[in-house]
2 protein chains.
Amino acid sequence: MKTDGRLARMLHVLVHMGLLDGRETSERIALMLNTNPVVVRRTLGALRDHGIVESEGGRGGGWKLTRSLDQVTVLDVQRALTAGTILTTPVSRDHPSCPVERAANSVLEEAYAAAEKQLIAKYGVTTLAQIAEHAKARRWQRPRRETDSGHNDDGA
Amino acid sequence: MKTDGRLARMLHVLVHMGLLDGRETSERIALMLNTNPVVVRRTLGALRDHGIVESEGGRGGGWKLTRSLDQVTVLDVQRALTAGTILTTPVSRDHPSCPVERAANSVLEEAYAAAEKQLIAKYGVTTLAQIAEHAKARRWQRPRRETDSGHNDDGA
DNA sequence: TGATATCGTAACAATGCGTGTTACGGATAA
DNA sequence: TTATCCGTAACACGCATTGTTACGATATCA
């Protein structure tokens with residue numbers, strides 16, 4: 001199953017933006033995410049609509065966080081990306097009036113509701129600042145090699 | 001995101017098979033699942049490989065449960081369908097050596113691991129017999145209409 | 001004013017994976 | 001020997017994210 005990589009990408013890049021603390025163009029951000037500027041504008045656009053970042057056009061324009069890293073939770077980003085539920089319950093709709101199918105679906109729905117509740121709880125208490133701290137801790141554990149410029153490409 | 005409907009379908013049809021308690025052909029099962037026989041054979045084949053059902057070819061052949069409904073859990077079915085994890089953690093792999101990306105991924109992995117643990121716990125204690133009971137209870141709450149033959153089509 | 005840098009967005013191809021279909025070979029019972 | 005059924009290959013389809021190209025709008029700088 002192909003997963004939706006937007007949340008991970010946004011967490012990644014928002015932390016970078018917070019650490020760099022400046023206005024970044026979609027071009028530079030695309031390099032961080034190993035993709036192209038249009039994808040960046042498309043996805044960051046959703047975050048802008050929810051007040052997490054702001055964008056400015058024209059020369060010298062780009063993207064900037066509207067709050068500090070400790071004031072944005074993973075849940076904020078998730079909600080900005082998709083309105084509804086996070087997990088999609090794998091129900092069947094082959095015979096919607098069949099009591100057996102409904103009973104089977106019920107079990108799955110309950111299980112997924114509980115799982116998602118747990119996800120949301122975790123997302124709600126995790127800030128981007130914590131991710132940044134986590135990243136710094138990792139960096140210290142492994143001494144830097146060559147030029148260490150925040151994000152490095154992986155010889156891909 | 002398009003979900004994998006196999007688990008729900010298998011739960012649905014296994015309960016029917018347990019209640020009917022006979023050998024069912026992929027053709028008849030396909031009608032229950034509103035699909036075609038090849039899809040049924042394909043999916044039930046995975047369950048057969050894990051000892052949940054058995055199949056027999058030739059005239060009078062078909063599919064049958066190898067155990068009673070109270071001896072098959074939702075987890076058994078899930079495991080038969082997919083070997084690895086149930087949920088797919090939505091990590092990014094844009095710059096695998098970037099500490100920020102790794103830190104973001106870590107958060108997601110932990111959250112999903114906890115959510116999946118909960119799912120598994122629920123799946124492990126839920127048997128097909130319980131689903132069958134649930135279905136009966138529903139049936140009783142709503143008086144039957146017309147001919148009630150286990151599974152009815154939905155005028156689709 | 002004109003050149004340049006950036007965003008905003010439409011349009012369309014590529015990708016991945018479960019699903020749907022057709023086809024055909026093998027096996028089993030009447 | 002014939003009628004069923006399973007087993008499996010092969011290929012098209014649906015659907016959502018991602019990738020790409022293109023072009024218009026806007027803001028800055030000389």
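These numbers were taken from a predicted model, which means no experiment stands behind them. Lettering of chains follows the sequences in order, A, B, ..., and the numbering in each one begins at 1.
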Salt bridge (charged side-chain N to carboxylate O under 4.0 Å, His left out) pairs, two or more places apart, involving residues 57-75 of chain B: B:Glu54-B:Lys64, B:Arg67-B:Asp76
A:Thr85: side-chain hydrogen bond (donor to acceptor under 3.5 Å, both in side chains) partners, not counting sequence neighbours: none
Separation of atom CG in A:Leu81 from atom C1' in D:dA16, rounded to whole Å: 14 Å
Atom-pair distance (CG on B:Leu7; C1' on C:dT19), nearest Å: 16 Å
Nucleotide D:dC5, atom P - distance to CD1 of B:Ile29 in whole Å: 12 Å
For atom CG of B:Leu44 and atom C1' of D:dC5, their distance in whole Å: 13 Å
Short side-chain N/O contact from A:Asn36 to OP1 or OP2 of D:dT20, under 4.0 Å: yes
Summary of salt bridge (charged side-chain N to carboxylate O under 4.0 Å, His left out) pairs that have at least one residue in residues 123-132 of chain B, sequence neighbours excluded: none
Pairs where residues 110-119 of chain A contributes a residue and the test salt bridge (charged side-chain N to carboxylate O under 4.0 Å, His left out) is met, not counting sequence neighbours: A:Glu110-B:Lys122
Value in whole Å for how far the C1' atom of D:dT4 lies from CZ of B:Arg23: 14 Å
Aromatic plane relationship, B:His95 with A:His12 - under 30° parallel, 30 to 60° tilted, over 60° perpendicular: perpendicular
Partner set under salt bridge (charged side-chain N to carboxylate O under 4.0 Å, His left out) for B:Glu56, not counting sequence neighbours: B:Arg23
Base versus backbone protein contacts along nucleotides 1-11 of chain C [heavy-atom cut-off under 4.0 Å; B, S, -]: ---BBBBBBBB
Value in whole Å for how far the P atom of D:dT17 lies from CZ of A:Arg9: 13 Å
Distance test, side-chain N/O of B:Arg28 to OP1/OP2 of D:dT4, below 4.0 Å: no
Integer-rounded Å distance: D:dG19 P and A:Leu33 CG: 9 Å
Distance below 4.0 Å between B:Arg93 side-chain N/O and D:dT18 OP1 or OP2: no
